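Heads up: the structure comes next, in structure tokens.
Start at 1 and go down the list; that is how both ligands and their atoms are numbered. Predicted, not measured: the structure shown is a model, and the values here were computed from it.
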Amino acid sequence: MSETAELKLEGNVYTLPIVEGTENEKAIDIAKLRDQTGFITLDSGFKNTGATKSSITFLDGEKGILKYRGYSIEQLAEKSTFLEVAYLLIYGNLPTQKQIEDFQHQISRHTLVHEDMKKFFDGFPSKSHPMGQLSSLVCSLSSFYPESLDPNQTKEEFDLTIIKLLGKMATIVSWIYKKSLGHPVIYPKNKYDYVTNFLHMTFGQRTEEVEIDEVVIDAMNKLLILHADHEQNCSTSTVRIVGSSDCNLYASISAGISALWGPLHGGANQAVIEMLEKIKNDGGDVDKWVNKAKDKNDSFRLMGFGHRVYKNFDPRAKIIKKACDDILEKLGINDPVLDIAKKLEEVALSDPYFVERKLYPNVDFYSGIIYRALGFPTEMFTVLFALGRLPGWIAQWKEMRENKEPIGRPRQVYVGENDRDFVPIEKR
Ligand code: CMC
């Protein structure tokens, strides 16, 4: 007989099934709890709530393990490419040579965006944040490709929607960057692979041929792979819950982009660099800022530290830290902000406040330094996170649909006023 849990409630004993995952994590299945007992569970921030069964990404926050479809993030970052990882996440297996060639070929046929989309850029104020632009532009794809609105798309039609989104996203991201500089956009070129094409559109010039350094291509592949999925985080849960209403893929991903924007989530990579700059300009007194972060009367937090799930170390941060050292050395860059980052890490990691709360540097702590070294402005950092996370969001949306999950609709415990009689405005 499989294991069960017993719940004692108001003199009754209820038996609840236990669900066990392939990596042996266990969950109490409460799907019938309200029907059987009249009770619901309350879990603010979903700290203890499993929203789904998923076979995409496994994460062990205590041991610092992250795997996509069973492959360790360390192996993928070292040996794979972003496009290959995208295929793995979306379709479940590493592609064969033919499959990856077809995938690349199809994507390269869909990298152009509708010329009318360029007009959107004229409408955004010149200083508008790239994440707001990205979210709007991705959502607007649903207007250009209205066939995506049909929740009953065939597998082939849906695959094409995926391909279009992957292809156009890189073009949109690079065009946001170009427009922020006031430069003419660069069109995609089919001779390049996915990441090289993106870098070409971003750093290429109309006036001259620009050769993209292999070191930069390699770094970009690594960064995008490390960001490609992270199971049921804030933005991914958003994508799944929006999609659960049968909303189209473009609008669901646009909602995920908005969720990612916040500084407690993907927006932290921008916030980290801004914080490090601030500390540097303030004289570089790291202790002072660590003390501020510990002060409960001060709202300041060490950005890039702490994680909801990782309570040991963030395996992505470990890889990025090394990549950061390598890239800065290869590109011959001496960034004073990196010295501040290293000091901050050292001080925080030996401070009981951070040790007791298991607050370690997360993926965002070092990624910004690499993006800066590659030449991206700070406001583009979270957009790059979104480009990396795209295959994960697509895979999660697809899985949710294929599993025919019901519409996401949490409950609440109401704590407001009871019955009140309406009072006319002159008597209030
Ligand atoms: N600096 C100072 N104190 C912190 C920090 C921090 N960065 N993070 C958490 N704490 C403290 C917090 O005050 C609390 O202390 P106490 O127990 O005394 O009240 C304790 O640690 C637990 O924090 P929490 O806010 O309850 O933890 P959470 O799991 O709800 O939040 C987090 C996780 C990532 C939102 C939070 O650690 C944070 O705000 N970090 C800074 C922002 C950041 O770097 N975000 C990127 C996350 S990784 C990339 C991604 O996946 O998006």
NZ/NE/NH1/NH2 to OD/OE distance under 4.0 Å, D60 and K67
no
Tell me which protein heavy atom sits closest to atom 45 (N) of ligand 1, plus the residue, atom name and distance to 0.1 Å.
L264 O, 3.0 Å
Does an N or O anywhere in F305 fall below 3.5 Å from an N or O of ligand 1?
yes
Measure the distances from the heavy atoms of K294 to every atom of ligand 1 and state whether one is below 4.0 angstrom.
no
Of all protein heavy atoms, the one nearest atom 10 (N) of ligand 1 is L359 CD1, 3.6 Å
In terms of relative ring orientation, are H230 and H307 parallel, tilted or perpendicular, with 30° and 60° separating the classes?
perpendicular
Does ligand 1 have an atom under 4.0 Å from some heavy atom of F365?
no
Below 30° counts as parallel, above 60° as perpendicular, anything between as tilted: where do the rings of F365 and F305 land?
perpendicular
Provide the number and element of each atom of ligand 1 under 4.0 Å from a heavy atom of A268.
43 (C), 44 (O), 45 (N), 46 (C)
Ligand 1 and R308, any nitrogen or oxygen pair closer than 3.5 angstrom?
yes
Suppose we measure from atom 52 (O) of ligand 1 to each protein heavy atom; which comes out shortest, and what is that distance?
H265 ND1, 2.5 Å
Considering residues, nucleotides and ligands other than F46, do more than 12 of their heavy atoms fall under 6.0 Å from its CZ?
no
Does a donor on one side chain sit under 3.5 Å from an acceptor on the other, for D282 and W289?
yes
Atoms of ligand 1 close to G266 [distance to a heavy atom under 4.0 angstrom, numbered from 1]
52 (O)
Under 3.5 Å: N/O of Y353 near N/O of ligand 1:
yes
Proximity of V363 to ligand 1 by residue part, where a heavy atom lies under 4.0 Å:
side chain
Mind checking whether N362 contacts ligand 1 via backbone (N, CA, C, O), side chain (CB onward), both or neither, at a 4.0 Å heavy-atom cut-off?
side chain
What class does the angle between the rings of F103 and Y87 fall in, given that below 30° is parallel, 30 to 60° is tilted and above 60° is perpendicular?
perpendicular
